[in-house]
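All remarks here apply to the structure that follows.
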Amino acid sequence: MSTLEGQGLLEAEHARAASYALSESLLAEPLPLRWARSLGVAKCAASLRPILGRDAELMEAAAVLHDIGYSPSIAVTGFHPLDGARFLRDEKGMDERVVRLVAHHSCALLEAEERGLRDELANEFELGRQELVDALIFCDMTTTPDGGHTTSTDRLEEIVSRYGPDTLVGRFIQRAAPEIHAATARVEEWMAEAGAGQPM
């Protein structure tokens, strides 16, 4: 390994550790269950290292930060992908790739549309690389509310049951279901092709 490569790995590791600390500072006290879930999503992201390669640290950072917009201290619009991404961009100067993933995690554009915020989200934050978008969808949608592992089918059923099928979130998640299941299947296939086993 070259000195430059080693320096890059150290910087990536530092950014990953900083992301955990930031997420904990925003979620652990006011929203402990949300913090536990964020840790579960990040654990899933870590299990994707065999297929993510150089993007592994980036994905783990995005995973642990994806729900920080729920924190009462930074919530502005009430739409957590937008609030979280704006905070990371404006207050923390976070890596743009992480910011984009947080902004668009789990088909956020569809929920933004339900909320009348689609143009704001789309105009402020470009969509990231498809394989990374898929990976974060996979991690988010195969993690239970308390941070355990589940299937995308069970996760979506739980969301609809919790919110109700005719609520804003219920409508959004039902619209997003085909893409969520497709993204999950793509990641599982990717892992299988890499001989990496089942992600957790």
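Everything numeric in this text was worked out from a predicted model, so none of it was measured.
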Salt bridge or not between R129 and D134? Use side-chain N to carboxylate O under 4.0 Å. no
Applying side chain to side chain contact (heavy atoms under 4.5 Å, CB included), run through L26 and F87 and close with a yes or a no. CA-CA 11 Å; L26 291 167; F87 175 80; 3.8 Å; yes
Looking at C139 and L48, what are the two nearest heavy atoms and their distance? SG-CD1, 3.7 Å
Side chains of E188 and F138: does their closest heavy-atom pair fall under 4.5 Å? yes
Would R34 pass as a cation-pi partner of Y70, given that its NZ or CZ must be under 6.0 Å from the six-membered ring centre and within 45 degrees of the axis? yes
Classify the angle between the aromatic ring planes of H80 and H105 as parallel (below 30°), tilted (30 to 60°) or perpendicular (above 60°). tilted
Which is it for F125 and R89 under the side chain to side chain contact (heavy atoms under 4.5 Å, CB included) test, yes or no, and what are the steps along the way? CA-CA 10 Å; F125 303 100; R89 179 193 64 194; 3.4 Å; yes
Nearest-0.5 Å distance that lies between atom CZ in R118 and atom CZ in F79: 10.5 Å
With a 3.5 Å distance limit and no angle check, can you tell me whether Q174 reaches the backbone of G170 through a side-chain donor-acceptor pair? yes
Please check if the number of heavy atoms outside E124 that lie under 6.0 Å from its CD is greater than 12. yes
Between the main-chain N or O of Y20 and the side-chain N or O of S23, is there a donor-acceptor pair closer than 3.5 Å? no
What heavy-atom pair brings S19 and A61 nearest, and what distance separates the two atoms? OG-CB, 3.3 Å
Could you check V102 against M94 for side chain to side chain contact (heavy atoms under 4.5 Å, CB included), going step by step and ending with a plain yes or no? CA-CA 11 Å; V102 170; M94 186 69 65; over 6 Å; no
Within the side chain of S161, is there an N or O that forms a donor-acceptor pair under 3.5 Å with the backbone of E157? no
May I ask you to test the M59-L101 pair for a side-chain heavy-atom distance under 4.5 Å? yes
Under the criterion salt bridge (Lys or Arg N to Asp or Glu O under 4.0 Å), I'd like the reasoning laid out for D140 against R37: C-alpha separation, chi angles, the key distance, then a yes or no. CA-CA 9 Å; D140 191 20; R37 185 169 190 283; 2.8 Å; yes
R97/E126 salt bridge by N-O under 4.0 Å criterion: no
Listed by chain and number, what are the ring pair (Phe, Tyr, Trp, His ring centres under 6.0 Å) partners of F172, not counting sequence neighbours? none
For E57 and A15, indicate whether the former's side chain and the latter's backbone hold a donor-acceptor pair under 3.5 Å. no
Can you name the closest pair of heavy atoms from A42 and E60 and give their distance? O-CG, 3.9 Å
Would you say that R186 contacts I137 through its side chain, given a criterion of any heavy-atom pair below 4.5 Å between the two side chains? no
Give the C-alpha distance, both sets of side-chain angles, the deciding distance and a yes or no for side chain to side chain contact (heavy atoms under 4.5 Å, CB included) between L121 and E111. CA-CA 10 Å; L121 184 64; E111 185 174 353; over 6 Å; no
Is there a path from V160 to L168 through hydrophobic residues (I, L, V, M, F, W, Y) whose side chains come within less than 4.5 Å of each other? yes
Are V41 and H66 side-chain neighbours, meaning at least one heavy-atom pair lies under 4.5 Å? yes
What are the two closest heavy atoms between D83 and V76, and how far apart are they? OD2-N, 3.0 Å
Flag the pair T77 / R86 as yes when at least one side-chain heavy-atom distance between them is below 4.5 Å, and no otherwise. yes
Are E158 and R155 within salt-bridge range, i.e. N to O under 4.0 Å? yes
C107 and I180 have their tightest heavy-atom pair at SG-CG1, 4.0 Å
Sorted by chain and number, sequence neighbours left out, ring pair (Phe, Tyr, Trp, His ring centres under 6.0 Å) with H104 holds for none
Without hydrogens or angle criteria, can the side chains of T153 and T151 be said to hold a donor-acceptor pair below 3.5 Å? no
Quick one, L52 and L58 - any side-chain contact, counting heavy atoms below 4.5 Å? no
Are any non-hydrogen side-chain atoms of T142 and C44 less than 4.5 angstrom apart? yes
Taken to the nearest 0.5 Å, the spacing of L109 CG from L117 CG works out to 11.0 Å
Is there side-chain contact between L88 and I68, with at least one heavy-atom pair below 4.5 Å? yes
Side-chain donor or acceptor of S152 paired with backbone N/O of T184 under 3.5 Å: no
Distance from E113 atom CD to D119 atom CG, nearest 0.5 Å? 9.5 Å
